[in-house]
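The structure under discussion appears below in the form of structure tokens.
The shown structure was predicted, so the numbers you read here are calculated from the model rather than taken from an experiment. Because only heavy atoms are used, hydrogens play no part in the values below, and waters and symmetry mates are left out as well, while side chains stay in. Numbers restart at 1 for each chain; the letters A, B, ... are given by sequence-line order, proteins then strands.
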Amino acid sequence: MSRKLYIKNSVVIRDSKIFRNEELLLKTNEGLSLSSFLKAIYKEQNLKYPKFFKMDSLSKLGYLGVEILSKGNIADKQTALVFANSTSSLETDEAYAASMKKFPSPSLFVYTLPNIMLGELSIRHELRSENSFFISESFDPELFIGYTKILFQQEKIENVLCGWVDLHNNDYDVFLCQIALSGGTDFNEEELKKLYLPTHE
Amino acid sequence: MSDLHTELKKSIIEQLNLEDMEVSEIENDEHLFGDGLGLDSIDALELIVLLEKDYGIKLTDPNQGKEIFNSINTMADFIEKNRTR
Amino acid sequence: MSRNYLLSDSIISPLGFGTTENLAAIRNSESALKLHKHPRFFEEGYYAGLIGDELLDEKFVKIGDVYLYTKLEKLIILAIQKVLDQQPDLDLIKTGLIISTTKGNIAELGKNNFSADRLYLWKMGNMISDFFGFKSKSIIVSNACVSGALAIKVANDFININKFENAIVAGGDLVSDFVLSGFQSFQAISPQPCRPFSRDRKGISLGEAAAAVLIGTGKSKDEEQIQYIDAVTANDANHISGPSRTGEGLYKSISSLLERNKMNPGEIDFLSAHGTATIYNDEMEAIAFNRAGLSMTPVNSFKSYYGHTLGASALIESILTKHSLLNNELYESMNFTELGVSEELNIIQHTEKKELNVALKTASGFGGCNLAMLLKKEG
């Protein structure tokens with residue numbers, strides 16, 4: 001009873017560039033620091049969400065990616081979130097550990113879990129839906145496809161948002177895609193790999 | 001406005017990442033939580049750290065925070081009376 | 001879809017190295033929570049459930065090189081080994097490994113005892129997986145304090161799409177300076193052993209532990225077994241650390257779960273709550289349970305036995321819930337004094353025998369996540 005699934009939209013944020021559905025949306029100066037890069041996207045996209053400035057960089061990446069992917073509106077509030085990355089919250093873990101030496105910072109500590117990003121996204125888009133966060137060495141299409149199919153089978157679910165949002169030592173790698181019952185691209189390993197790492201350019 | 005008031009506003013903006021906010025935009029008697037500046041529970045915890053770090057005041061009862069962090073005025077009063085640095 | 005069961009299991013904790021030892025301690029009202037010194041973060045010390053390095057190495061040396069693995073890896077490996085000992089015929093080629101943890105090897109941060117990549121949770125997973133020779137790569141679930149139960153759901157679901165025939169779910173977390181200072185900065189650590197749902201509760205106690213359980217279709221039709229029925233997660237969409245005032249996400253996860261499985265709250269014989277003993281968490285749970293029609297359901301929190309073991313907690317509590325059902329035993333919610341939440345709850349005050357068939361396990365965590373899971377006795 002497996003329903004056929006499609007990739008509706010995708011976003012890649014990598015190497016100072018943002019792509020939406022494989023089209024270059026924004027390119028910034030490669031010399032920008034990560035925080036300046038994130039702020040530049042925020043400004044360029046004309047976003048108004050003061051909570052953004054309170055987030056750690058991992059959540060900022062997820063937030064910005066989803067704003068661009070969904071054009072600021074996830075209409076289906078049952079949209080499930082299936083996210084993964086390689087380095088968990090290690091970037092913020094290290095920042096918190098540095099604060100620990102003198103005054104442990106609660107506002108850093110709270111971000112020392114990767115799924116906090118899912119909390120931020122759920123708050124922003126008012127999603128009281130299914131959430132899961134996985135860790136894998138590298139982008140694992142099989143994991144996303146497997147778990148997404150499961151969600152579609154179990155639930156009267158119509159949309160899943162898959163996200164690979166990784167950040168460590170200022171190296172970031174973001175790939176997001178909306179999976180639905182209709183859309184342009186078949187949801188399979190080959191297509192996911194192509195969208196995640198285009199070989200042309 | 002005393003130097004302490006201004007100093008507090010500066011540190012709050014910086015510590016709590018209130019981006020795009022100016023010292024002049026925070027009123028001395030404005031509520032820091034709820035309707036006013038809209039700070040939340042994590043901000044409150046961060047303010048407790050700020051008291052310890054900048055003024056050597058250790059708050060052990062989180063409930064104390066409610067009154068102290070009501071506004072810049074109440075915070076400044078409390079600091080004046082209790083600061084160790 | 002196959003029906004999956006919680007088969008062999010083990011719990012490695014300060015209460016004992018094995019589920020039998022842990023259950024015996026619980027029946028004796030023993031707690032892992034002891035006063036420990038930590039002049040830097042706690043002037044008057046702190047209560048936590050800790051596992052001594054020497055004791056651990058004494059056990060581990062029988063199966064592996066104590067110098068090659070971190071403390072957490074050793075604990076999780078021991079937990080898995082105990083499951084494999086009970087399942088000598090298990091084919092690891094057909095068995096998946098799901099690992100649940102929040103902070104993994106974070107205690108090694110800034111130390112040079114192991115290579116830096118051990119901080120990656122997937123690397124920790126590889127170390128554990130390679131120790132036993134699992135064929136497929138481990139799947140790591142890191143979803144705050146619901147991780148342990150979510151990992152069981154993930155195992156069940158992947159078995160159902162034939163990714164593997166059965167799966168070992170293993171999880172663990174340590175009491176490191178990292179989490180101690182973090183929860184202390186949240187002013188969330190209780191000056192006394194934690195007292196879930198009590199009026200005089202003052203926060204959490206932390207604990208370290210590991211556990212493992214085999215999930216699979218099960219062969220025996222003669223004995224009673226505990227079936228995994230279903231689980232649902234839901235986000236509060238309210239705050240990244242503060243529990244929802246309305247218990248929205250937890251309520252939603254429970255109500256969707258019951259609805260999806262055509263069950264009513266009256267059919268639930270036992271509720272294993274999260275019960276961390278912070279003011280707001282326990283209040284949130286009480287509200288959600290009440291909204292879900294569970295105010296009369298016997299409920300406990302196991303946190304007063306172990307402390308909050310983070311990524312291991314919901315796994316350990318699911319295993320204990322399994323044994324609760326098998327043994328027809330309701331375990332006391334230890335350290336409970338007087339109900340201190342705004343809604344009525346039927347707290348289990350004395351360990352007692354009672355015919356049990358269906359249990360609900362819930363968990364909630366940072367990031368606004370919530371999970372509800374149904375387990376049922378069969379056979």
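Counting heavy-atom pairs under 4.5 Å between each of A:Ser99, A:Ser129, A:Ala80, A:Ser59 and chain C puts A:Ser129 at the top. Interface remark: of the candidates A:Leu121, A:Asp93, A:Leu81, A:Leu90, A:Asp93 forms the most heavy-atom pairs closer than 4.5 Å to chain C. Among A:Thr87, A:Leu143, A:Thr112, A:Leu108, the residue making the largest number of heavy-atom pairs under 4.5 Å with chain C is A:Thr112. Among A:Pro106, A:Ala97, A:Gly119, A:Pro114, the residue with the largest count of heavy-atom pairs under 4.5 Å with chain C is A:Pro106. Interface remark: of the candidates A:Glu120, A:Lys156, A:Glu126, A:Glu120 forms the most heavy-atom pairs closer than 4.5 Å to chain C. Contacts with chain A were tallied for C:Leu371, C:Ile161, C:Ile139, C:Ile140; C:Ile140 has the most, counting heavy-atom pairs under 4.5 Å.
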**Prompt:** Can A:Glu137 and C:Lys137 be said to form a salt bridge (Lys or Arg N to Asp or Glu O under 4.0 Å), step by step?
**Reply:** CA-CA 10 Å; A:Glu137 182 170 358; C:Lys137 282 214 159 186; 2.9 Å; yes

**Asked** Between C:Val141 and A:Phe133, does a side chain to side chain contact (heavy atoms under 4.5 Å, CB included) hold up when you go through it step by step?
**Response** CA-CA 6 Å; C:Val141 176; A:Phe133 206 104; over 6 Å; no

**Message:** Is there a side chain to side chain contact (heavy atoms under 4.5 Å, CB included) between A:Phe134 and C:Val154? Walk through the geometry before answering.
**Reply:** CA-CA 10 Å; A:Phe134 298 97; C:Val154 168; 3.8 Å; yes

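With contacts defined as side-chain heavy-atom distances shorter than 4.5 Å, the pair A:Gln154/C:Asp157 qualifies. Side chains of C:Phe366 and A:Ile116 form a contact here, defined as non-hydrogen atoms less than 4.5 Å apart.
The structure places OG of C:Ser147 at 8.0 Å from CG of A:Leu113, a figure rounded to the nearest 0.5 Å. Taken from CD1 in C:Ile240 to CE in A:Met117, the straight-line distance is 12.0 Å, to the nearest 0.5 Å. To the nearest 0.5 Å, the span separating CE on A:Met100 from CG on C:Asp177 amounts to 5.0 Å.
In this structure, C:Lys376 places its NZ atom where only 12 or fewer heavy-atom neighbours from other residues, nucleotides or ligands lie under 6.0 Å away. Surrounding NZ of A:Lys8 are at most 12 heavy atoms belonging to other residues, nucleotides or ligands under 6.0 Å away. Around the CG atom of C:Asn112, the shell of radius 6.0 Å holds no more than 12 heavy atoms that belong to other residues, nucleotides or ligands. The number of heavy atoms from other shown groups lying within 6.0 Å of CD (C:Glu259) does not exceed 12. When the shell of 6.0 Å around CZ of C:Arg245 is examined, it contains 12 or fewer heavy atoms from other residues, nucleotides or ligands.
Proximity to chain C is absent for every atom of A:Lys77, based on heavy atoms less than 4.5 angstrom apart. With a 4.5 Å cut-off on non-hydrogen atoms, C:Asn238 touches chain A through its backbone but not through its side chain. In this structure, the portion of A:Tyr111 lying under 4.5 Å from any heavy atom of chain C is its side chain and not its backbone. Looking at A:Ser132, both its backbone and its side chain come within 4.5 Å of chain C, counting heavy atoms on both sides. Of the two parts of C:Glu248, only the side chain, counted from C-beta on, holds a non-hydrogen atom closer than 4.5 Å to a non-hydrogen atom of chain A. Neither the backbone nor the side chain of C:Lys123 comes within contact range of chain A; no heavy atom of the residue lies under 4.5 Å from a heavy atom of that chain. Neither the backbone nor the side chain of C:Asn370 has a heavy atom closer than 4.5 Å to any heavy atom of chain A. Both the backbone and the side chain of C:Phe183 have a heavy atom closer than 4.5 Å to some heavy atom of chain A. Looking at C:Val146, there are no atoms closer than 4.5 Å to chain A (heavy atoms on both sides), in backbone or side chain. Heavy atoms closer than 4.5 Å to chain A are found in the side chain of C:Leu109, but not in its backbone.
Between A:His168 and C:Tyr120, the ring-plane angle classifies as perpendicular under the 30° and 60° cut-offs.
Pairing each heavy atom of C:Ala234 with each of A:Arg128, the nearest pair is CB-O, 3.9 Å. Taking each heavy atom of A:Phe109 and C:Ser185 in turn, the nearest pair found is CB-OG, 4.5 Å.
Judged by distance alone, the side chains of A:Glu130 and C:Asn235 never bring a donor and an acceptor atom under 3.5 Å apart.
Using modelled atom types, one side-chain atom of A:Asn115 and one backbone atom of C:Ala144 make a donor-acceptor pair closer than 3.5 Å. A donor-acceptor pair is defined here as one N or O able to donate and one able to accept, closer than 3.5 Å; no such pair exists between the side chain of A:Asn131 and the backbone of C:Gly368. Using modelled atom types, one side-chain atom of A:Tyr96 and one backbone atom of C:Gly182 make a donor-acceptor pair closer than 3.5 Å.
The side-chain hydrogen bond (donor to acceptor under 3.5 Å, both in side chains) test with C:Trp122 is passed by exactly one of A:Ser88, A:Ser136, A:Ser86, A:Ser138: A:Ser86.
Salt-bridge check for A:Glu142 with C:Lys163: passed, with a basic side-chain N closer than 4.0 Å to an acidic carboxylate O.
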